[in-house]
Asker: 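I'd like to ask you about the structure that follows.
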Amino acid sequence: MTETTPARVRYAPSPTGRFHIGGARTALYNYLLARQTGGQFIIRIEDTDRKRFVPGSEQEILESLNWLGLHWDEGPDLGGPHAPYRQSERVDLYRAHAEQLVELGLAYFCFCSPERLAAMRQDLERRKQPPHYDGLCRRLAPAEAAARRAAGESHVVRLKVPESGRTTAVDRLRGEIQVENTSLDDVILLKSDGLPVYHLAAMVDDRLMGITHVLRSSEWLPTFPLHVLIYQAFGWEQPVWVHLSVFLNPSGKGKMSKRDAVSGASSIYPLDLREQGYVPEAVVNWLALMGWSYDDRTEVFGLEDLVQRFSLDRLNPSPAAVNYSKLDHFNGIHIRSLPEAELARRLAPVFERHRISVTEADLVPLAPLIQERIRTLDEAVEMAGFMFGESVSPVAADLIGPGMTAAASAAAVRRAQRLIGERERLEPESLEAELRGLAEELGLKVGQLFTILRIAVTGQRVSPPLIETMVLLGREQVLERVARAGDLLEDAG
RNA sequence: GCCCCCAUCGUCUAGGGGACUAGGACGUGGCCCUUUCAAGGCUAAAACCGGGGUUCGAAUCCCCGUGGGGGCACCA
């Protein structure tokens, strides 16, 4: 079943480190749902933990999302009807809501010191018991609690979890999840510094911002019932809850982690992927299919296709191992589907990064030659960097044709040199015909002659198609390089 | 220790009681095409975690194991 009413969804990262592909996929699914239903996609920064704050990470998040094409309707930079979109700027809201819950008798002030809590936790651990707040302050008379608070005693606000019964939480993918209330802790909602924890802040904001669907990481599954309880305490209607599976590292053992960013060739960070020559279309396509599928055969999608076809019903609840060779595959496909001018446009900064000065206009005629040969944009430099250097420097030994002597190779090169020299300019059809003719005349296989010339002209064994490359390079350049190869071969012989 | 989630080829997945000799894709091997490398085409090997049920019939439903993952903070 596809959602029909406009969905207001949010991606709510905390700025505590680098932005990775797991977050990107969560953002993607949220974005797709919003666009498909004509709803809104909101970015909210969850920065209520001052200790873990990492400067610059908010920028990385926003830059990554923009690069991927996941543009938002409301957010910390854009503002919107529910501004501000940074939780650190919304603390009064959380405080008021926490107090409201205390007044309703559904939460309470707790004066237990961190030391007492730590000691209690240690004790329980020693006795192999699950960590659990003992409810000391829950039993305080409201009047006494109010007095101690008024006296300025340091305190937090805790949720009063029912002491019996069960809580049923409904996840769109997994159905009903039931837990005994006794297994739930009286979680802290408001810290002693007056800032909320996730459990309070996210619920309040989701409600206030009119969030209809919460698509978030399955790390939240264990505290999901608590969140349902908080909604119930406020008397709010539940949103549609969807817990997305986590990403496993490429081996399939263990959750994807920072280590995986350095251990392999490919990174878990979108911005690194960009640096490595991946196109956003490929990253989006790849991410979309890790945890979601359309059918049993279609797998190449652009963002717009995904907007059209995405469906919560086709989400997969099981964890997925990251597979970079599949990313390479998608990257090749999406590079090939780019218009030539667009490919040239994207290639320009890549050559620049490799300190090869070349204009976008120079790259336009080259684009079709390499388009189906590269899997990442950076491979273009390897493949065709020789086009933009002053000269190439092949080694004589490499110039000798397969199964040939240096002398025979030299002779072949000189004949080719003369043939090219006799032409005013190079035209692909006739050049190819004449070189093929030459090979035949010399009793060589086309491959033998072309291999020699390829190395002479490009300096490499692997290159774009020889004829087109020579035409692009131009008569003078080709002549110079072929002549030099002839010299090298004659010296070697 | 306790709680929660998950379970089909190496990996991503299709499958929602009979259409399954379990389909597709990546990767891997072979062949074809071919001026190199790609791309493309064809092809091969490769999976229902185990055990009990339910049913005429189970990859599909239930239970128990096992395995994997996540969580148990004045982090998110």
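It should be emphasised that the depicted structure is a prediction, and the values quoted were computed from it without experimental measurement. Throughout, protein chains are lettered first and strands after them, A, B, ... in sequence-line order, and every chain is numbered starting at 1.
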Asker: Just call it for D171(A): base, sugar-phosphate, or nothing, with non-hydrogen atoms closer than 4.0 Å on any strand.
Answerer: nothing
Asker: Going by the salt bridge (charged side-chain N to carboxylate O under 4.0 Å, His left out) test, which pairs reach into residues 12-27 of chain A, not counting sequence neighbours?
Answerer: R18(A)-E60(A), R18(A)-D272(A)
Asker: In chain order, what residues pass the side chain to side chain donor-acceptor pair (under 3.5 Å) check against E58(A), with sequence neighbours excluded?
Answerer: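 For E58(A), the residues satisfying side chain to side chain donor-acceptor pair (under 3.5 Å) (neighbours in sequence not counted) are R86(A).
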Asker: For the pair made of CG in L244(A) and P in rC4(B), what is the distance, rounded to whole Å?
Answerer: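 Checked: the CG to P distance equals 21 Å.
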Asker: From rA39(B), rU36(B), rU11(B), pick the nucleotide closest to the side chain of A321(A)?
Answerer: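 Given the options rA39(B), rU36(B), rU11(B), the side chain of A321(A) is closest to rU11(B).
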Asker: So R174(A), base contact, sugar-phosphate only, or nothing? Heavy-atom distance under 4.0 Å.
Answerer: sugar-phosphate
Asker: If I take atom CD in residue E372(A) and atom P in nucleotide rG40(B), what distance separates them, rounded to the nearest angstrom?
Answerer: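 Interatomic distance, CD of E372(A) to P of rG40(B): 8 Å.
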Asker: What does the list of N/O pairs under 3.5 Å between the protein and nucleotides 47-49 of chain B look like, with a distance for each?
Answerer:
none

Asker: Would you be so kind as to tabulate the donor-acceptor pairs closer than 3.5 Å made by side chains of residues 461-470 of chain A, with sequence neighbours excluded?
Answerer:
unit_1: S463(A); atom_1: OG; unit_2: R454(A); atom_2: NH1; d: 2.8
unit_1: T469(A); atom_1: OG1; unit_2: P464(A); atom_2: O; d: 3.4
unit_1: T469(A); atom_1: OG1; unit_2: P465(A); atom_2: O; d: 2.6

Asker: Students often get this wrong, so: under 4.0 angstrom with heavy atoms, is P464(A) touching a base, only sugar-phosphate, or nothing?
Answerer: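 Base: the residue P464(A), judged by heavy atoms under 4.0 Å, touches a nucleobase.
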Asker: Where along nucleotides 17-27 of chain B does protein come under 4.0 Å, by heavy atom, of base (B) or sugar-phosphate alone (S), with - for untouched nucleotides?
Answerer: ------BSBSS
Asker: Roughly, in whole Å, what's the span from CG in L173(A) to P in rA7(B)?
Answerer: 11 Å
Asker: Less than 6.0 angstrom separating the ring centers of Y324(A) and W286(A), yes or no?
Answerer: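 Ring centroids of Y324(A) and W286(A) are less than 6.0 Å from each other.
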Asker: Going by ring-ring contact (aromatic ring centres under 6.0 Å, His included), name the residues that satisfy it together with F53(A), two or more places apart in sequence or in a different chain.
Answerer: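 For F53(A) there are no ring-ring contact (aromatic ring centres under 6.0 Å, His included) partners, ignoring immediate neighbours.
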Asker: What is the per-nucleotide protein-contact pattern of nucleotides 66-76 of chain B, from the 5' end, where B denotes a base atom under 4.0 Å from a protein heavy atom, S denotes such proximity for sugar-phosphate atoms only, and - denotes neither?
Answerer: ---SBSBSBBB
Asker: Would you kindly say whether D47(A) and S88(A) are connected by a side-chain donor-acceptor distance under 3.5 Å?
Answerer: yes
Asker: Check this one for me: any side-chain N or O of R436(A) less than 4.0 Å away from OP1 or OP2 of rU35(B)?
Answerer: yes
Asker: Taking ring-ring contact (aromatic ring centres under 6.0 Å, His included) as the definition, give me every residue that meets it alongside Y231(A), ordered by chain and number, with sequence neighbours left out.
Answerer: W236(A), W241(A)
Asker: What is the distance from CD1 of I335(A) to P of rC37(B), rounded to the nearest Å?
Answerer: 20 Å
Asker: Is R158(A) positioned over the aromatic face of Y133(A), cation under 6.0 angstrom from the ring centre and no more than 45 degrees off axis?
Answerer: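 Relative to the ring axis of Y133(A), which defines the angle, R158(A) lies inside both limits.
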Asker: Can you tell me the distance, in whole Å, between the CZ atom of F301(A) and the C1' atom of rU13(B)?
Answerer: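 Distance, rounded to whole Å: 12 Å.
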Asker: Determine the contact category for R336(A): base if any of its heavy atoms lies under 4.0 Å from a base atom, sugar-phosphate if only primed atoms, P, OP1 or OP2 are that close, otherwise nothing.
Answerer: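 Touches sugar-phosphate only.
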Asker: Nearest 0.5 Å, please: how far is CG in L363(A) from CE in M387(A)?
Answerer: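 Those atoms lie 9.5 Å apart.
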Asker: Could you list all the ring pair (Phe, Tyr, Trp, His ring centres under 6.0 Å) pairs where at least one residue sits in residues 151-182 of chain A, not counting sequence neighbours?
Answerer: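 Sorted result for residues 151-182 of chain A: F109(A)-H155(A), F111(A)-H155(A).
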Asker: With salt bridge (charged side-chain N to carboxylate O under 4.0 Å, His left out) as the rule and sequence neighbours excluded, what pairs involving residues 176-189 of chain A come up?
Answerer: R138(A)-D186(A), R166(A)-E180(A)
Asker: Look at T451(A) and rU35(B) and indicate whether a side-chain polar atom (N or O) is within less than 4.0 Å of OP1 or OP2.
Answerer: no
Asker: Roughly how many Å is it from CH2 in W286(A) to C1' in rU11(B), rounded to a whole number?
Answerer: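 Atom CH2 in W286(A) sits about 12 Å away from atom C1' in rU11(B).
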Asker: Any strand is fair game: report the nucleotide pairing with rG50(B) by Watson-Crick or G-U wobble, both distances under 3.5 Å, or none.
Answerer: rC64(B)
Asker: Both L289(A) and R454(A) contact RNA chain B. Which one's nearest nucleotide lies toward the 5' end?
Answerer: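 The 5'-side residue here is L289(A).
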Asker: Both distances under 3.5 Å, Watson-Crick or G-U wobble: report the partner of rG1(B), or none.
Answerer: rC72(B)
Asker: Run the side-chain donor-acceptor check on residues 428-447 of chain A: report pairs under 3.5 Å with partners two or more places apart or on a different chain.
Answerer:
unit_1: S430(A); atom_1: OG; unit_2: R423(A); atom_2: NH2; d: 2.7
unit_1: S430(A); atom_1: OG; unit_2: E427(A); atom_2: O; d: 3.4
unit_1: E432(A); atom_1: OE2; unit_2: R436(A); atom_2: NE; d: 2.8
unit_1: E432(A); atom_1: OE2; unit_2: R436(A); atom_2: NH2; d: 3.0
unit_1: E434(A); atom_1: OE1; unit_2: R423(A); atom_2: NH1; d: 3.3
unit_1: E434(A); atom_1: OE2; unit_2: R423(A); atom_2: NH1; d: 2.7
unit_1: E441(A); atom_1: OE1; unit_2: R415(A); atom_2: NH2; d: 3.4
unit_1: E441(A); atom_1: OE2; unit_2: R415(A); atom_2: NH1; d: 3.3
unit_1: E441(A); atom_1: OE2; unit_2: R415(A); atom_2: NH2; d: 2.6

Asker: At 4.0 Å (heavy atoms only), tell me whether L466(A) reaches a base, stays on the sugar-phosphate, or touches nothing.
Answerer: base
Asker: How far, in whole Å, is rU60(B) from rC49(B) if one measures between their P atoms?
Answerer: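 Those two atoms are separated by 8 Å.
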Asker: Could you tell me the separation between the CZ atom of R314(A) and the P atom of rG16(B), rounded to a whole number of Å?
Answerer: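 These atoms are roughly 10 Å apart.
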Asker: Return the pairing partner of rG29(B) with a 3.5 Å limit on both distances, Watson-Crick or G-U wobble; otherwise return none.
Answerer: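 Base-paired to rU43(B).
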Asker: Please give, in whole Å, the distance from rC5(B) C1' to R216(A) CZ?
Answerer: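 Rounding to the nearest Å, CZ of R216(A) and C1' of rC5(B) are 14 Å apart.
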Asker: Could you pull out all residues at least two apart from D378(A) that satisfy side chain to side chain donor-acceptor pair (under 3.5 Å)?
Answerer: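 Residues passing side chain to side chain donor-acceptor pair (under 3.5 Å) with D378(A): R353(A).
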